[in-house]
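Bear in mind that the values here come from a model prediction, so they are computed numbers and not experimental data. Throughout, numbering of the chain's residues begins at 1 and tracks the sequence.
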Amino acid sequence: MEIARLEGYLAWEAEVAAAERDARSFAAQFPWLSPGERENLEQAYAADRLRYAEDVVDRAVERCRQLAARYRSECRRICARWAAVCLSVAIATALLAVIPAVLHG
């Protein structure tokens, strides 16, 4: 679990760095902005992109949870079917072993 947290942290830090880099690149298209205006634009751009990235991650996490619940349910259903099949085979085998002894004896 700790590896997954580390991977998540590193992925998020990479996203933050990319958002900041892209914000600088975007703001550079407007050379007439003052340094303060450029900084405000960069901050707004990066914040908006990170909000979007958070939304994407949240939707992915929710979808993973939905799929995990679905797969758990499906697994329980399949296990129950296999248990019924195994029990049926065991009962049939027992009956086939007992019936000849009852008939002859």
Backbone N or O of [Y] within a donor-acceptor pair of the [X] side chain at under 3.5 Å?
{"X": "Arg63", "Y": "Asp58", "answer": "no"}
{"X": "Ser88", "Y": "Ala84", "answer": "yes"}
{"X": "Thr93", "Y": "Val89", "answer": "yes"}

Give a yes or no on whether [X] and [Y] share a hydrophobic cluster (residues Ile, Leu, Val, Met, Phe, Trp, Tyr; joining criterion: side-chain heavy atoms under 4.5 Å apart).
{"X": "Leu87", "Y": "Leu95", "answer": "yes"}
{"X": "Ile99", "Y": "Ile91", "answer": "yes"}
{"X": "Leu67", "Y": "Val61", "answer": "no"}

Taking all non-hydrogen atoms of both residues into account, name the closest pair between [X] and [Y] and its distance.
{"X": "Ala46", "Y": "Ala23", "answer": "N-CB, 4.1 Å"}
{"X": "Ala53", "Y": "Trp12", "answer": "CB-CZ3, 3.9 Å"}
{"X": "Ala27", "Y": "Glu42", "answer": "CB-CG, 3.6 Å"}
{"X": "Leu41", "Y": "Leu33", "answer": "CD2-CD1, 3.7 Å"}

Please round to the nearest 0.5 Å and tell me the distance separating atom [atom1] of [X] and atom [atom2] of [Y].
{"X": "Glu15", "Y": "Leu10", "atom1": "CD", "atom2": "CG", "result": "13.5 Å"}
{"X": "Cys79", "Y": "Glu74", "atom1": "SG", "atom2": "CD", "result": "10.5 Å"}
{"X": "Arg24", "Y": "Gln29", "atom1": "CZ", "atom2": "CD", "result": "14.0 Å"}
{"X": "Ser25", "Y": "Tyr45", "atom1": "OG", "atom2": "OH", "result": "7.5 Å"}
{"X": "Arg77", "Y": "Arg72", "atom1": "CZ", "atom2": "CZ", "result": "16.0 Å"}

Below 4.5 Å, heavy atoms only, C-beta onward: do Glu37 and Ser34 meet side chain to side chain?
->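 Yes, side chains in contact.
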Residue pair Val56, Arg59: steps toward the side-chain contact (heavy atoms from CB on, under 4.5 Å) verdict | CA-CA 5 Å; Val56 168; Arg59 284 192 302 274; 3.4 Å; yes
Should Glu20 and Val16 be marked as a side-chain contact (heavy atoms from CB on, under 4.5 Å) after you check the CA-CA gap, both sets of side-chain angles, and the distance that decides it?
-> CA-CA 6 Å; Glu20 291 171 348; Val16 169; 3.6 Å; yes
Above 12 or not: heavy atoms from other molecules or residues under 6.0 Å from OH of Tyr9?
->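 For Tyr9, atom OH is not crowded (no more than 12 foreign heavy atoms under 6.0 Å).
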